[in-house]
Every structure is written in structure tokens, then in C-alpha cells.
Amino acid sequence: MAAARTRGANGEPDEVTERQLMRWLHGELPAAERASLAARLEVDPRLAARLARLRAVWDELELPAAAPIPSGFRRELLARLEGRRRPGMAPGFRSFTWARAASALALLAGIGMGSLATALVGAGTSQGPEELTAEESLADDYWTAFRGADAGGAGWSEEDEP
Amino acid sequence: MVPGVPQTGVLTTIAASEPAESDEDLLRKVAAGDTAAFSGLVERHQGRLLRVCERLLGNAEDARDAAQEVFLRVFRKASEFEPRAEVFTWLYRIATNHCLNRLRRRKILRFVGLVGDDAEREGGLDPADPGADPARALAARRRWQATRKAIAGLPANQRAVLILAKFEGLSYRQISQVLAITEGAVESRLFRAMRRLQSQAKDH
């Protein structure tokens with residue numbers, strides 16, 4: 001790790017302390033460092049102000065809160081599973097499946113394969129990220145994030161140097 | 001991640017207080033057709049997967065259906081799980097891939113006019129509380145849009161770390177495992193992401 005300056009040329013806390021503030025914010029500081037930083041925050045209003053600005057940026061990030069787990073979710077799921085394993089006992093599920101198949105056939109018949117091909121191309125298979133909807137973009141990011149382990153991670157890059 | 005608040009990441013939910021079966025053991029049983037083990041796996045992960053699906057699809061109804069489809073797929077594909085990955089990262093990948101496909105199908109159906117161009121639904125920003133005050137709901141929707149825009153402005157590797165830290169509540173250690181990078185790299189990317197967000201905030 002590069003030698004750390006404690007203060008920048010203008011007297012403001014440097015990058016190392018900014019990182020400590022971030023770790024503090026995220027509950028990632030070891031106990032000893034936490035106590036030390038807590039003591040500094042008590043007496044250094046500029047440092048406290050920096051923490052407040054960092055917290056404001058962090059807290060400003062917000063996505064919709066999730067609804068509570070719907071009642072009967074697991075029971076319904078197990079029933080669907082049972083229906084798939086024993087098709088004769090779950091006519092409701094089979095009807096659902098046939099309805100889906102019928103819709104797909106209607107889709108193909110109604111618009112033609114050429115239009116469908118155009119739609120598929122235009123639907124994002126080759127679009128740049130700027131053309132994705134917000135939801136697709138976020139889903140893409142989640143996909144990328146959780147693909148990381150299997151893909152061997154994104155690898156070490158220069159910007160990862162602490 | 002809030003100081004003093006216990007992490008809610010899945011890797012920490014297998015508490016030491018009781019000898020719960022590991023995800024890998026449950027999944028092994030699921031691969032053998034054990035529905036009790038499947039039920040246990042669902043109970044353990046339904047909250048997180050429902051939340052991710054709702055976050056990506058934009059409404060609880062679609063999320064419920066999607067999450068069920070994801071779990072059914074997990075049941076079918078349990079034997080394909082490779083132990084070098086964590087079970088919960090595997091679940092998340094299936095979920096996000098499923099949601100991506102649904103979003104793209106939705107786009108096709110809108111393109112050919114089979115579904116309406118419902119901006120409210122498409123925007124995916126329905127508040128969890130249907131009785132929410134309209135002004136508050138609008139303010140919330142703007143915050144969500146601003147968040148998505150802010151995230152989109154980050155480089156991909158910073159986005160991944162930010163999402164996992166902020167919205168999935170994973171610790172640096174857990175993120176390092178999910179992304180197969182060091183904790184130092186997690187910290188560096190998150191730090192640069194925070195700096196960029198601060199800079200963006202100043203520009204507005």
C-alpha cells in the first residue's frame with residue numbers, strides 16, 4: 001500500500017481518511033479505527049461535514065422498497081411444482097400453459113416472422129447501453145454483478161490499486 | 001450497510017446459533033427431488049429474490065410470478081449447480097437473467113402493439129404502499145429515477161460494487177466473494193464510485 005499522507009496541501013483530509021469515512025459509513029471499520037475516527041469526528045467539524053456530505057450522497061441513492069412477501073407465496077409455489085410433476089392433477093396449470101402457447105402462436109401468425117425478427121433485433125439484442133430502458137440497464141448490472149464469480153471476476157485493474 | 005446494523009447478506013444468515021443446513025446441502029437434496037429441502041431453500045431466499053425481481057420488473061405482481069418461475073427453474077436445474085459458485089449468487093443470476101428476458105419480451109410485445117404503452121407500469125416505480133400520498137409518491141419516483149441515472153453514469157465495475165453494497169446490503173467481504181475480487185478492490189471501486197457520485201451531485 002502506498003505511503004499515506006495525513007493531510008493534503010490545502011489542509012483537508014486526504015484520500016486515506018476519505019476511505020476511512022466511507023468504511024465508517026458502511027460499518028466496515030475495525031473496532032480500533034472506529035473508536036479513533038469517532039474521537040476525531042467529535043473535535044473536527046470539517047471532518048464531520050465531510051462525513052455528512054458522504055452520507056447524504058449514499059442516502060440519496062434509493063430504489064423502490066420491496067413489498068412484503070406475499071402470503072401464500074411458498075404454498076402456491078409448491079402447488080405449481082406439484083402440478084408440473086403430476087400434470088394430471090393440476091388442470092389449472094395445464095390450461096395456463098396452453099393459453100401461453102396459444103398466445104405465442106397468435107403472435108407469430110399476426111405479425112409474421114419478418115416483423116418478429118425485426119422486433120427481436122430492435123428489442124435490445126444488439127443495442128448499446130444507452131438504448132436500454134432503466135429497468136433493463138439495472139437488470140443488466142445485476143446480471144453482470146452476479147456473473148462475476150463464475151466469470152472469474154472482472155480481474156484486477158490498475159484502478160483497483162489502493 | 002449502516003454502522004451497528006447487522007449485515008443482512010445471505011452469507012451471514014446461516015447463523016451459528018443453530019446447525020442449519022447449508023445452501024449447498026439443501027440444493028443437493030433438491031437435485032434429488034426433495035421437495036422439503038426445496039421448501040427450505042425457498043423460505044430462506046424468497047425475500048431477497050422477490051425484492052430483486054420487484055426492483056427489476058417494477059411491480060409486485062410481476063415479481064411474484066417471476067420469483068416463482070425462478071424457483072421452479074432452480075428445482076429443474078439444481079443438478080447443474082457447480083459448487084465453485086455460491087448458491088445465492090447462482091440464484092441471483094437465474095433471477096436477473098429471467099427478469100432481463102421478461103423485460104425484453106415486454107418490449108417486443110409493446111413494439112408489436114400487443115400491450116399498451118403503460119408508462120406507469122413500464123416505469124416500474126409503483127410505490128410499495130398503494131395508499132401513498134401522490135406528492136410523496138411523485139417525489140419518491142423522482143428519487144428513483146435520479147438514482148438510476150446516477151448509477152448508469154458509473155463504469156460497469158463500479159456499478160456492480162455499488163449495487164451489491166447499497167441495494168443488496170452485502171459486506172465488502174461478501175462482495176469480494178460474489179465478484180471474485182479482493183476486498184481492497186471492492187473498497188477502491190466503491191470509493192471511486194462514491195467520488196463520482198459526489199462530483200455528479202455537485203454539478204446539479
Side-chain angles (χ1 to χ4, degrees), chain A residues 18-19 22-28 34 53-54 57-58 60-67 69-70 73-74 76-78 80-81 84 107 110-111 115 119-120 122-124 129 133-154 156-157 159-162, chain B residues 1-3 35 39 42-43 46-47 50-52 54-56 58 60 64 68 71-72 75 85-86 89 92-93 96-97 99-100 103-104 107-108 111-112 124-125 128 143-144 147-148 152 156-157 159-160 163-167 172 178-181 184-185 187-189 191-192 194 197-198 201:
Chain A
E18 290 286 321
R19 284 173 181 256
M22 185 184 73
R23 292 186 77 104
W24 164 278
L25 185 64
H26 298 159
E28 294 278 346
R34 198 161 56 237
R53 284 196 290 274
L54 198 63
V57 168
W58 188 249
E60 194 63 21
L61 296 172
E62 186 182 332
L63 289 178
I69 297 172
F73 175 82
R74 194 155 50 117
E76 192 179 298
L77 172 60
L78 293 173
R80 284 179 73 174
L81 179 65
R84 288 193 181 191
L107 174 65
I111 64 176
S115 298
L120 282 170
T133 64
E135 288 80 11
E136 283 174 329
S137 180
L138 189 61
D140 229 15
D141 287 337
Y142 266 80
W143 162 252
T144 302
F146 286 100
R147 194 175 51 119
D150 268 9
W156 177 264
S157 64
E159 72 165 29
D160 291 333
E161 189 69 30
Chain B
M1 290 189 287
V2 178
T35 51
S39 179
V42 170
E43 185 179 15
Q46 61 185 351
L50 276 162
R51 187 188 65 236
V52 166
E54 187 178 343
R55 185 157 285 154
L56 301 182
R64 180 184 187 140
Q68 291 200 350
F71 278 118
L72 290 171
F75 188 89
E86 296 281 352
T89 62
Y92 267 70
R93 281 206 307 282
T96 56
N97 197 38
C99 290
L100 262 174
L103 288 167
R104 286 166 183 159
K107 189 183 265 192
I108 294 173
F111 179 81
V112 298
L125 301 175
R143 285 198 302 276
W144 302 332
T147 293
R148 284 181 166 133
N157 60 358
R159 283 203 301 271
I163 284 169
L164 295 176
K166 174 67 181 180
F167 303 117
Y172 289 8
V178 170
L179 297 178
I181 58 178
E187 181 188 318
S188 289
R189 293 180 191 187
F191 178 71
R192 284 172 174 79
M194 295 286 290
L197 291 174
Q198 278 187 296

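In what follows, every chain begins at residue 1, and chains take the letters A, B, ... in the order their sequences are listed.
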Residue pair B/Val42, A/Phe73: steps toward the side chain to side chain contact (heavy atoms under 4.5 Å, CB included) verdict: CA-CA 10 Å; B/Val42 170; A/Phe73 175 82; 4.3 Å; yes

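With a 4.5 Å cut-off on side-chain heavy atoms, A/Glu76 and B/Arg64 count as touching. You'll find the side chain of A/Leu61 reaches within 4.5 Å of the side chain of B/Phe167, heavy atoms only.
A search for side chain to side chain donor-acceptor pair (under 3.5 Å) contacts involving B/Gln46 returns nothing, not counting sequence neighbours.
Counting non-hydrogen atoms of neighbouring residues, nucleotides and ligands closer than 6.0 angstrom, the CD atom of A/Glu62 exceeds 12 such neighbours.
The heavy-atom pair separating A/Val57 from B/Leu197 by the smallest distance is CG1-CB, 3.6 Å. Between A/Leu78 and B/Ser39, the shortest heavy-atom contact is CD1-OG, 3.9 Å. Shortest non-hydrogen contact noted between B/Thr147 and A/Glu60 is OG1-O, 3.6 Å.
Of the two parts of B/Leu103, the backbone and the side chain both hold a non-hydrogen atom closer than 4.5 Å to a non-hydrogen atom of chain A. Proximity to chain A is absent for every atom of B/Ala156, based on heavy atoms less than 4.5 angstrom apart.
Using cut-offs of 30° and 60° on the angle between ring planes, the pair A/Tyr142 and B/Tyr92 is parallel.
Atom CZ of A/Arg53 is separated from atom CE of B/Met194 by 12.5 Å, given to the nearest 0.5 angstrom. To the nearest 0.5 angstrom, B/Glu43 atom CD is 12.5 Å from A/Leu77 atom CG. Distance CZ/B/Phe71 to CZ/A/Arg74: 10.0 Å, rounded to 0.5 Å.
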